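Comments concern the structure below.
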Protein chains: 2
Amino acid sequence: MNTAAMSLGERARQYSPAQRRTIDAALALFVDRGVGDTSLQMIANDVGVTKAAIYYQFKTKEEIVLAVAEVELSGLEEAVDTALGMGGSIQARQWLLARVIDLTVSRRRAVGTLLSDPVLVRYLNEQELYQRLMSRLLAVLFGHEVGDKARVRAAVLAAGMGSVSNHFVLDVDDDTLRRELLEVLRPLLPDDS
Amino acid sequence: MNTAAMSLGERARQYSPAQRRTIDAALALFVDRGVGDTSLQMIANDVGVTKAAIYYQFKTKEEIVLAVAEVELSGLEEAVDTALGMGGSIQARQWLLARVIDLTVSRRRAVGTLLSDPVLVRYLNEQELYQRLMSRLLAVLFGHEVGDKARVRAAVLAAGMGSVSNHFVLDVDDDTLRRELLEVLRPLLPDDS
DNA sequence: GTCTATAGAATGATAGAC
DNA sequence: GTCTATCATTCTATAGAC
């Protein structure tokens, strides 16, 4: 299988049940301890197998980290591709923002880790697939604006997504969080006069 | 010295030059590798001394992490106290937001780590001094509003501060970043009609 | 596919010489 | 204050039995 040519969604769907168990346990640990502070021993303990069994599923720790990211990001990739299919219109832009907020809220426990864990972010930035995904996302949301104003707004928008894992909003239900986030973040897009 | 009763600023000013060298090196490593992936050996190497010399300055790794946070957060504490001295007015609220943005931009390299490093955040949340600082900050910015709307806005505001370490804004100069951030984040405060 | 056993390196931390 | 030397522990990763 030529995994190099596959999309995130295709890759994510290829994992066996045993690999999924490893990915789920790893995600939970990454979320509350950070990647750098999570060992393969901890993951093995939580899955209920030995460390060697984990190494049978994944060759290295980095592979586990990337698998976690693939599973979490596959929905985002699909959304960006759909928006691109709608053309670069303002409607596509508005739709994508709403869709990204939906995904972000539904994955709220993991989002903080995906956006800001130093080890995870480093691994992701080395992946061309991820770089291309982010630049497509940015292209739909901000068009060809590249000035300081657009850069700051894009950065605040990205950071704002991470707010869903803030403990301030722990008790806010999903629907309310989606609605309020959209109201607060939509003004950051260009051409929203 | 009764360090338990001291403010962050007082604590930060007590560190010796040798301790400051350790704190500076640790901060730089924490910023680009994360706390959990930074070892005392790396810090010692960067300072140019042995690991044992670092242990002479700080008893544990946790002490180093907290010292880094104290130094970075002492300005914030001062700002919050000044705002509280102005009374709970709307002017105090506006002034504090601008001041926090100033501090955030001036420490832009470290802000992402302070806001989101899992290990650092865990240590900080165990400190009552930090908890009190955050609740005072929140009280000035959002008064006594505690509804879902205010919670989401507070979370977005906090996350928005972290945007200054996003690589999108790496080339934006400090003054522009300050100005644009203020424009984008001010509408999140209550009573801003 | 999961195990035991282990290699080899690095970790946080300490003792004691200078 | 900084060093060397060392401790016990943990780490990632592998080899080979079942």
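Order of the sequence lines sets the chain letters (A, B, ...), proteins ahead of strands, with each chain counted from 1. Nothing here was measured: the structure is a model prediction, and the numbers come from that model.
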Which residues in residues 54-68 of chain B have a heavy atom closer than 4.0 Å to any atom of DNA chain C?
B:Tyr55, B:Thr60, B:Lys61
Which value, rounded to the nearest 0.5 Å, describes the distance between B:Asp175 atom CG and B:Arg179 atom CZ?
7.0 Å
Polar atoms only, N or O, under 3.5 Å: list the protein pairs with nucleotides 16-18 of chain D and their distances.
none

Count I, L, V, M, F, W, Y as connected when their side-chain heavy atoms are under 4.5 Å apart, and connections chain through other members. Are B:Leu29 and A:Leu120 then in the same cluster?
yes
Is there a side-chain polar atom (N or O) of B:Thr50 under 4.0 Å from OP1 or OP2 of D:dC3?
yes
Approximate separation, where rounding is to 0.5 Å, of B:Glu180 CD and B:Glu183 CD
5.5 Å
Nearest-neighbour nucleotide for the A:Lys51 side chain, C:dT4, D:dT12, C:dG12 considered
D:dT12
Is it the case that A:Thr176 and A:Asp173 place a side-chain donor and acceptor less than 3.5 Å from each other?
yes
What donor-acceptor contacts under 3.5 angstrom involve side-chain atoms of residues 17-24 of chain A, with partners at least two apart or in another chain?
| residue | atom | partner | partner atom | Å |
| --- | --- | --- | --- | --- |
| A:Gln19 | OE1 | A:Ser16 | N | 3.0 |
| A:Gln19 | OE1 | A:Ser16 | OG | 3.4 |
| A:Gln19 | NE2 | A:Gln57 | O | 3.1 |
| A:Thr22 | OG1 | A:Ala18 | O | 3.3 |

Roughly how far, to the nearest 0.5 Å, is OG1 of B:Thr113 from CG of B:Leu27?
7.0 Å
Here the residues of residues 18-49 of chain B within 4.0 Å heavy-atom distance, strictly under, of DNA chain D are B:Val49
Of C:dG12, D:dC3, C:dT2, the nucleotide closest to the side chain of B:Ala53 is D:dC3
Picking from A:Val65, A:Leu66, A:Thr60, what satisfies side-chain contact (heavy atoms from CB on, under 4.5 Å) with A:Glu63?
A:Thr60
Listed by chain and number, what are the side chain to side chain donor-acceptor pair (under 3.5 Å) partners of A:Glu77, not counting sequence neighbours?
none
What residues form a salt bridge (Lys or Arg N to Asp or Glu O under 4.0 Å) with B:Asp81, not counting sequence neighbours?
B:Arg136
Donor-acceptor pair, distance only, cut-off 3.5 Å: does the side chain of A:Lys51 make one with the backbone of A:Met42?
no
